[in-house]
Asker: 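Sharing a structure, written as structure tokens. Questions coming.
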Amino acid sequence: MSEQQQHLYLVDGSSYIFRAYHRLPPLTNPEGTPVGAVYGYTTMLWKLADDLDAADGPTHLAVILDKSSHSFRNDIYPEYKANRPDPPDDLRPQFPLIRDATRAFSLPCIEEEGLEADDLIATYAREAQRQGWNVTIVSSDKDLMQLIGEVDGARIDMLDTMKSARIYIPEVEEKFGVKPELVGDVLALMGDSVDNIPGIYGVGPKTASKLIAEHGSLTAALDYAPEMKKSKLKERLLEGRADAEMSRVLVTLKEDCDIPQPIDEMRIEKIPEGPLSAFLEQHGFTSLLRRLGTGGGSPERANNLHPAKAEMEGDTGDDEGNRQAPPEMPAVDRSSYETVQTMDRLQAWAERAIAARIVAVDTETSSLNAMQAELVGISLALGPNDACYIPLAHGGTDLLSETPEQIARDTAIEALKPMLADPSVTKVFQNGKYDLNVLARYDVSVSPIEDTMIVSFDLDAGRGEGMGGGHGMDELSQRHLDHTPLSFKEVCGTGKKQIPFGEVPLDRATEYAAEDADVTWRLYQHLKPRLAIEGGSKVYERVDRPLIPVVAQMEREGIKVDRAQLARLSEEFAKEIGRLEGEIYELAGQEFTVGSPKQLGEILFDKLGYKGGKKGKSGQYSTDQSVLERLAGDDAPIANKVLEWRQLSKLKSTYTDALQEAINPATQRVHTSYSLTGAQTGRLSSTDPNLQNIPIRTAIGRQIREAFVPEQGNLLLAADYSQIELRLAAHMADVDTLKDAFAKGEDIHSRTAKEMFGEVTRDTRARAKTINFAILYGISRWGLAGRLEVEPDEAQDMIDTYFKRFPGIQRYIAETLEIVGERGYSETLFGRKTWFPRIKSKNQAERQGSERAAINAPIQGTSADIIKRAMVRMLPALRSEDLGNVRMLLQVHDELVFELPEGDVAKASQVIERVMVEAALPAVSLDVPLAIDIGTGTSWDAAH
DNA sequence: GAAATCACG
DNA sequence: GACGTACGTGATTTCC
């Protein structure tokens, strides 16, 4: 080819600014206009312009914007995009500035009345392709992925600048399981809640791509439906055919729009600096301005963007002061990292860390379980691309190679200890609880620490889903740094081929490990300032951050379990399960897998002909507890046998077998791992094993609790908050009757029964209890009707009575929903936010689900805040009362479990009770007292 | 890997 | 008038 290949870049401007808006802090320019999204947009154009001379960079470039909200799609389907909320108030004034920014770069900006940006992009892309040009669409919109591919050597691909990812055929196939040409068919089946494209109800991305991949097209898949075997899916395909066909039209891009400007005119050469510098100056983008002057990327961080006024926080002010825009950082360069193999170099890094006062730290180990992991190496980062990896226990990469040169583990640890313990050097981790536990096992204490995972949780709980509850490092790096770090899989492989990190060659190990510290350092710079701006400092500084070492210590303490007792129970359960199985086969008239709900349903309702079999979404009979209990009442002896079988199987597999496996061989105790970011409301969760769901409600289950025991000469002490959520509801909704009952120490469910039904009997108290919980969980007449086994009308009457007798509740619900609808998040009394991205969903079930969760979150979350505050204060309080031998072992949402010398019980009980009762103070003064029940015994069961 | 089930607050 | 019905979790099993 004689001529240079032309390459047209089409920038999807509209979708970009929405994403930029959500991931950047609310900056304003010197005039006070919000410009956060504009800033993001400007840096993105800058990056593209930087590629002008690159081999595959743009020769032509245009920005495409949405002009009107109405398009031909609305004529086909009036509901199209109907559930789009209005753009936020501080985004709206930024739209015109986007055009200004584009003009400042002297780039063409294209928009047409009645056409969506996607259609213009499709038209331009095809036009350029026809002329033999390459095309790159700068967007991450999945609809546009239909266009990807090559015609006569001219290819169309996509670039997601936020993730720095090229998207071509393999990426599309990975995402949709089909070639780009078939993406439209998949989209038509699955629908799109954002654009309000119906698709087929109940068909999601998985099912859609499977169907299209199997049948080759939407039409073929729909045509095949009548021949499918009977299933919910079949029904839905048959019923939803028209919806799918209309959706197919809606997702089809219009490739033959009239084009406002020929592509030849989009050629770009060098960006003239005059208009650009004027624009940058006007909006205070001084770091970019400086780069313009020096003509290159300098890592300069200072600029004078003004932060939007921080919310009133009443904070200690540790984060007050000048806030800066996200620092400009150079791209991650893995070749810049150092492998530290001599003591000289290690000393140099330790000294630099002390001088820097802040250092990101990451440990590499042999296991995800902190209580078993061997330390393999440590990485440090002091700035972007200023990071190192210190290998400590790397072996040869195969049998023939020698162990690489490295500092002995103990020597290196001793050299790092002063820095890690230095109170003036902040150590930043991503999930620091893990590193703290690993290091503690090598007798290293680390303080003070910061944790980017927790910072992210306190800013964005509820906003993302994914590993670490949306706060894992890879996800944060993608979201905030536009960078994909090397994944563990890439370095260590997966499945059978996986190797321990200690066998990764040092150059590769350094790239991975040092990058993790580098990314953590960058995330900290990016996220920490947001806490003060967005009002998260209080809960982070006073609750979650100080909690990290406390929970880490609880995990290390572990709890003793009586293995012999568990083994005895396992054996007993096994015998009983076997006996029940025989009886069940007898009653069924055949053998089958009792543990298979599918087979059980068929036996019960098809073979034995019991009435009332209801099939759920998947076309399968439901056989859960409530169904079996009803059958048992209708004189079906097999139902009771299955219920018993289920109970025992559950107890055996989940508890008596699994807990024996969980005993740590080194400590002979069970060490759970608490997730600090697992529950959106701020609660902890417990895994490996889960010690927050040990049986208590049945006598047979409680035998498992008997296996949780203290060491010789000690006792277990359990302290739990009595009715804490109802107390908080009484305070937060300001309900005098309830507050009065709590003040007088009455039984709250009895009082509710008296108010509701006039008299207190076993029955009315039980109903009242159900209603009280229903209120906490966000009530619906059908939900309550189901629980109380009454008609929905009657349930509605009870709700009305409840609202009348306890005025305040109804108002609390309405106010909470109004605020969450407005702001997108709920707040606890201590300022913890939980986001509800689906609160405005057009899908009623989805929206109502969010509403119920939003009613509950402030109550459940405040309760979590309170017990967390108690945990933070507990050990210092005990220590100051000379109770240093009391160990805090477990937290179960409203309960703390301790192990202590018998002689300490009386004194410790007082301290524990006081700390728990006063945990809300002084930040919040409740109108209701908090009450604590305390028990002690020689097992967890006996302590209740 | 999803769905069903069931253990807890 | 239909949707599918209480909030928040984690572990195990079966089945595709």
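Naming: A, B, ... by sequence-line order, numbering from 1 per chain.
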Asker: Please say whether more than 12 non-hydrogen atoms of neighbouring residues, nucleotides or ligands are located less than 6.0 Å from CD in E846(A).
Answerer: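 More than 12 within 6.0 Å, yes.
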Asker: To the nearest angstrom, how far is L643(A) atom CG from dC6(B) atom C1'?
Answerer: 12 Å
Asker: Measure from CZ on R705(A) to P on dA7(B) and round the result to the nearest Å.
Answerer: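 Going from CZ in R705(A) over to P in dA7(B) covers 13 Å.
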Asker: Side chain of K650(A) only, please: which of dA2(B), dT5(B), dG9(B) is the nearest?
Answerer: dT5(B)
Asker: Which residue, I775(A) or A845(A), contacts DNA chain C at a nucleotide closer to its 5' end, judged by nearest heavy atom?
Answerer: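 The residue whose closest nucleotide sits nearer the 5' end is A845(A).
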Asker: Whole angstrom is fine here: how far is it from CD1 in I859(A) over to P in dA6(C)?
Answerer: 17 Å
Asker: Which nucleotide in the set dA7(B), dT9(C), dG8(C) lies at the smallest distance from any side-chain heavy atom of Q625(A)?
Answerer: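 Given the options dA7(B), dT9(C), dG8(C), the side chain of Q625(A) is closest to dA7(B).
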Asker: Specify the separation, in whole Å, of atom CH2 of W645(A) and atom C1' of dT5(B).
Answerer: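 Rounded to whole Å, this separation is 11 Å.
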Asker: Flag the pair E227(A) and K234(A) as a salt bridge only when some basic side-chain nitrogen lies within less than 4.0 angstrom of an acidic carboxylate oxygen.
Answerer: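 No.
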Asker: Which ones in residues 686-698 of chain A lie close to DNA chain B, meaning a heavy atom under 4.0 Å from one of its atoms?
Answerer: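 Of all residues in residues 686-698 of chain A, the ones placing a heavy atom under 4.0 Å from DNA chain B are Q692(A), N693(A), I694(A), P695(A), I696(A), R697(A).
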Asker: Quick one: OG on S675(A) to CE on M453(A), what's the gap to the nearest 0.5 Å?
Answerer: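 Reported to 0.5 Å precision, the distance equals 6.0 Å.
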Asker: Can you name the residues that form a side chain to side chain donor-acceptor pair (under 3.5 Å) with E895(A), not counting sequence neighbours?
Answerer: W940(A), H944(A)
Asker: Under 4.0 Å between any heavy atoms, over every strand shown, what does Q599(A) touch: base, sugar-phosphate, or nothing? Just pick one.
Answerer: sugar-phosphate
Asker: Can you tell me which nucleotide in dT9(C), dA6(C), dT14(C) comes closest to the side chain of Y777(A)?
Answerer: dA6(C)
Asker: Here's one to test your reading of the geometry: is the NZ or CZ of K652(A) within 45 degrees of the ring axis of F573(A) and under 6.0 Å from its centre?
Answerer: no
Asker: Do Q891(A) and Q692(A) have side-chain atoms, one donor and one acceptor, less than 3.5 Å apart?
Answerer: yes
Asker: Return the orientation label for the Y585(A) and F592(A) ring planes: parallel under 30°, perpendicular over 60°, tilted otherwise.
Answerer: perpendicular
Asker: T752(A) and N772(A): side-chain donor and acceptor closer than 3.5 Å?
Answerer: yes
Asker: With heavy atoms under 4.0 Å as the rule, sort R852(A) into base, sugar-phosphate or nothing.
Answerer: sugar-phosphate
Asker: Among the nucleotides dA2(C), dA6(C), dG8(C), which one has an atom lying closest to any side-chain atom of Q844(A)?
Answerer: dA2(C)
Asker: So does R823(A) pair up with E827(A), basic N to acidic O under 4.0 Å?
Answerer: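 Salt bridge present between R823(A) and E827(A).
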Asker: Report which part of the nucleic acid T770(A) touches: base, sugar-phosphate, or nothing (heavy-atom distance under 4.0 Å, all strands).
Answerer: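 Base contact.
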Asker: Please state how far atom CD in Q860(A) lies from atom C1' in dA6(C), giving the value in whole angstrom units.
Answerer: 12 Å
Asker: When you check the gap from the basic side-chain N to the acidic O, do K833(A) and D458(A) get nearer than 4.0 Å?
Answerer: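 No salt bridge links K833(A) with D458(A).
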Asker: What is the separation between atom CZ on F592(A) and atom C1' on dT14(C), rounded to the nearest whole Å?
Answerer: 14 Å
Asker: Looking at dA7(B), I'd like to know if its phosphate oxygens (OP1 or OP2) sit under 4.0 Å from a side-chain N or O belonging to T654(A).
Answerer: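 For T654(A), the contact criterion (side-chain N or O under 4.0 Å from OP1 or OP2 of dA7(B)) is not met.
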Asker: Between dT9(C), dA6(C), dA4(B), which nucleotide gets closest to the side-chain atoms of P597(A)?
Answerer: dA4(B)
Asker: Among dG8(C), dA6(C), dC8(B), which nucleotide sits nearest the side chain of A853(A)?
Answerer: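 That would be dG8(C).
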Asker: Spell out yes or no: do the side chain of S653(A) and the base of dT12(C) have one donor N/O and one acceptor N/O closer than 3.5 Å?
Answerer: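 Absent.
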Asker: For a quick test of reading the model: is some side-chain N or O of R781(A) closer than 4.0 Å to OP1 or OP2 of dT5(C)?
Answerer: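 No.
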Asker: Rounding to an integer number of Å, can you tell me how far I577(A) CD1 sits from dT12(C) P?
Answerer: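 Atom CD1 in I577(A) sits about 15 Å away from atom P in dT12(C).
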Asker: Looking at dC16(C), dA2(B), dC3(C), which one has an atom nearest to any side-chain atom of K206(A)?
Answerer: dA2(B)
Asker: Looking across every strand, which nucleic acid part, if any, lies under 4.0 Å from G595(A) by heavy atom: base, sugar-phosphate, or nothing?
Answerer: sugar-phosphate
Asker: For DNA chain C, report each stem as range with range, ordered by first number, or say none. Use Watson-Crick or G-U wobble pairs under 3.5 Å, at least 3 in a row.
Answerer: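 Stem list for DNA chain C: B:1-9 with C:7-15.
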Asker: Rounding to the closest angstrom, what is the interatomic distance between dA4(B) and dG4(C) at atom P?
Answerer: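 13 Å, rounded to whole Å.
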Asker: Go through dT14(C), dC3(C), dA6(C) for me and flag the one nearest to the S596(A) side chain.
Answerer: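 Output: dT14(C).
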Asker: Any side-chain N or O of T623(A) below 4.0 angstrom from OP1/OP2 of dT5(B)?
Answerer: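 Answer is yes, contact under 4.0 Å.
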Asker: Could you tell me whether A658(A) contacts a base, only the sugar-phosphate backbone, or nothing, with contacts defined as non-hydrogen atoms closer than 4.0 Å?
Answerer: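 Sugar-phosphate, backbone atoms only, no base.
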Asker: Indicate whether any N or O donor in one side chain lies under 3.5 Å from an N or O acceptor in the other, for K489(A) and Q498(A).
Answerer: no
Asker: What nucleotide among dA6(C), dC6(B), dG8(C) has an atom nearest to a side-chain atom of A774(A)?
Answerer: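 For the A774(A) side chain, the nearest candidate turns out to be dA6(C).
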Asker: Determine the Euclidean distance between corresponding P atoms of dG9(B) and dT5(C); express it in Å to zero decimal places.
Answerer: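 dT5(C) and dG9(B) have their P atoms separated by 24 Å.
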